[in-house]
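Written below as structure tokens is the structure these notes are about.
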Amino acid sequence: MILLDGKKTASNIKDEIALKVKSLKNKGKKVPHLAAIIVGNDGASLTYVNAKVKDCKQVGFDSTLIKLSKEITEQELLSEIDKLNKNNDIDGFIVQLPLPKHINEQNVIMAIHPDKDVDGFHPTNVGKMALNLPTFISATPFGILELLGRYKVKTEGKHVVVIGRSHIVGSPMSILLSQKRTVGNSTVTLTHSRTKNLKEITLQADIIVAALGIPEFLTADMVKDNVTVIDVGITRVDDTTKKNGYRLAGDVKFDEVSKKCAFITPVPGGVGPMTRAMLLKNTLLARINKE
Ligand code: NAD
């Protein structure tokens with residue numbers, strides 16, 4: 001079994017990005033500038049967004065964190081977005097999800113200018129992704145492609161089973177891996193909560209991408225030998241032995257499934273760090289696109 005080490009790979013990618021930033025600086029050009037909007041005080045969201053700001057510092061990007069009260073109206077949030085759209089110094093920005101219930105997420109995503117939508121969630125960018133045109137690919141599926149590519153996991157002609165059809169992970173993952181691209185050319189089955197006989201399907205998979213958010217859902221009896229497993233799930237599970245009172249659990253029962261695997265990602269240290277690295281890659285791309 002080979003561990004797909006997302007932490008190490010992400011660190012390599014960040015080194016590569018830092019070199020590119022240096023070269024931009026040496027040529028007297030502006031370094032990439034990422035802004036992030038966070039609404040409210042949700043602990044997990046704050047952790048994610050702070051990590052993204054820290055990543056920016058690490059690679060030499062400028063960053064701006066905009067913290068807004070959870071009472072903000074949708075209109076006020078849209079006007080903050082408008083300011084970022086018009087601010088020439090900002091190359092790309094994200095709005096950390098989820099948002100409070102009274103704000104319509106779709107309206108917010110639609111308000112972000114596609115050229116600055118480094119999360120790749122705007123319908124224009126999703127459409128370009130689906131057509132295999134150059135665009136911002138959303139960070140989690142982009143990170144998975146990169147991880148598979150760097151470890152030279154063969155995807156061509158393989159049967160990939162994706163579990164979960166969210167707009168940010170499962171759905172784009174299924175589209176990307178079925179496309180004609182270096183990491184792609186797979187035969188993909190997209191499964192979800194209404195899928196019948198899931199185990200019969202996963203048992204046929206050469207590669208499984210588990211993105212459903214149910215801790216330790218995928219068990220050893222659901223996979224064949226030599227399978228490759230990408231565990232996207234991150235759930236905080238109560239754990240009194242930990243100082244912070246929780247541990248992070250993936251969607252895969254790692255101890256038993258890993259014994260049957262050719263390749264597998266750990267949680268933490270797999271897809272999570274890759275997601276963060278690819279947001280940086282998209283921000284660099286946004287900067288370069290403006291040259
Ligand atoms: P989501 O919650 O939006 O959707 C879950 C999907 O799983 C749905 O499509 C649903 O149909 C499917 N599903 C639910 N129960 C199922 C079942 N029993 N069998 C088959 N399918 C089932 O999902 P999401 O936003 O893609 O997140 C999934 C997980 O990935 C979560 O744990 C989330 O925290 C994690 N995540 C991790 C990263 C990362 O960077 N590592 C990024 C995004 C999401």
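Remember, it's 1-based here, ligands and their atoms both numbered in the order they're listed. For clarity, every value in this text was computed on a predicted model and none was experimentally measured. The first residue in the sequence is number 1, and the count goes up from there.
Side-chain atoms of D119 never come within 3.5 Å of backbone atoms of F121 as a donor-acceptor pair (strictly under, hydrogens ignored). Of the possible donor and acceptor atoms, one in the side chain of D231 sits under 3.5 Å from a partner among the backbone N and O of V252. Of the possible donor and acceptor atoms, one in the side chain of Q204 sits under 3.5 Å from a partner among the backbone N and O of E200. Using a distance-only test at 3.5 Å, with no hydrogens or angles considered, no donor-acceptor pair links the side chain of T135 to the main chain of I137. Although no hydrogens or angles enter the test, the distance criterion places a donor-acceptor pair under 3.5 Å between the side chain of T73 and the main chain of E76.
Taking every non-hydrogen atom of G233 and a distance limit under 4.0 Å, the qualifying atoms of ligand 1 come out as 29 (C), 30 (O), 32 (O), 35 (C). Listed by atom number, the atoms of ligand 1 under 4.0 Å from F217 heavy atoms are 18 (N), 19 (N). Listed by number with element, the atoms of ligand 1 under 4.0 Å from a non-hydrogen atom of I163 are 20 (C), 21 (N). Interface atoms of ligand 1 facing V232, defined by a heavy-atom separation under 4.0 Å, are 30 (O), 35 (C), 36 (N), 37 (C), 38 (C), 41 (N). Ligand 1 places these atoms under 4.0 Å from at least one heavy atom of G164: 6 (C), 7 (O), 9 (O), 12 (C).
Contacts between T140 and ligand 1, counted as non-hydrogen atom pairs separated by less than 4.0 Å, involve the side chain only. Within the 4.0 Å heavy-atom criterion, neither part of T195 lies near ligand 1.
Comparing heavy-atom distances from atom 8 (C) of ligand 1 across R236, M274, R165, M173 singles out R165 as nearest. Looking at A44, G6, A211 and measuring to atom 28 (C) of ligand 1, the nearest heavy atom belongs to A211.
Closest protein heavy atom to atom 15 (N) of ligand 1: I214 CD1, 3.7 Å. Protein heavy atom closest to atom 17 (C) of ligand 1, with residue, atom name and distance, is L212 CD1, 3.7 Å. Scanning the protein for heavy atoms near atom 11 (O) of ligand 1, the closest one is S193 N, 3.0 Å. At the top of the distance list for atom 44 (C) of ligand 1, counting protein heavy atoms only, stands V169 CG2, 4.0 Å.
To the nearest 0.5 angstrom, I94 atom CD1 is 12.5 Å from Y48 atom OH.
Inside a 4.0 Å radius of atom 23 (O) of ligand 1 there is at least one protein heavy atom.
Electrostatic pairing of D206 and K224 counts as a salt bridge here, judged by a charged N lying under 4.0 Å from a carboxylate O. The pair D91-K30 meets the salt-bridge criterion, with a side-chain N (NZ, NE, NH1 or NH2) lying under 4.0 Å from an Asp/Glu carboxylate O. Look at R150 and E146 and you find a salt bridge, because one of the NZ, NE, NH1 or NH2 atoms lies within 4.0 Å of a carboxylate O, short of that distance. At a threshold of 4.0 Å, the pair E291-R287 counts as salt-bridged, since one of the basic side-chain nitrogens sits closer than that to a carboxylate oxygen.
Not a single heavy atom of T191 sits under 4.0 Å from any atom of ligand 1.
The shortest N/O to N/O separation between S166 and ligand 1 falls below 3.5 Å. For T275, a nitrogen or oxygen atom sits less than 3.5 Å from a nitrogen or oxygen atom of ligand 1, counting backbone and side chain alike. For ligand 1, one of its N or O atoms has an N or O atom of I234 under 3.5 Å away.
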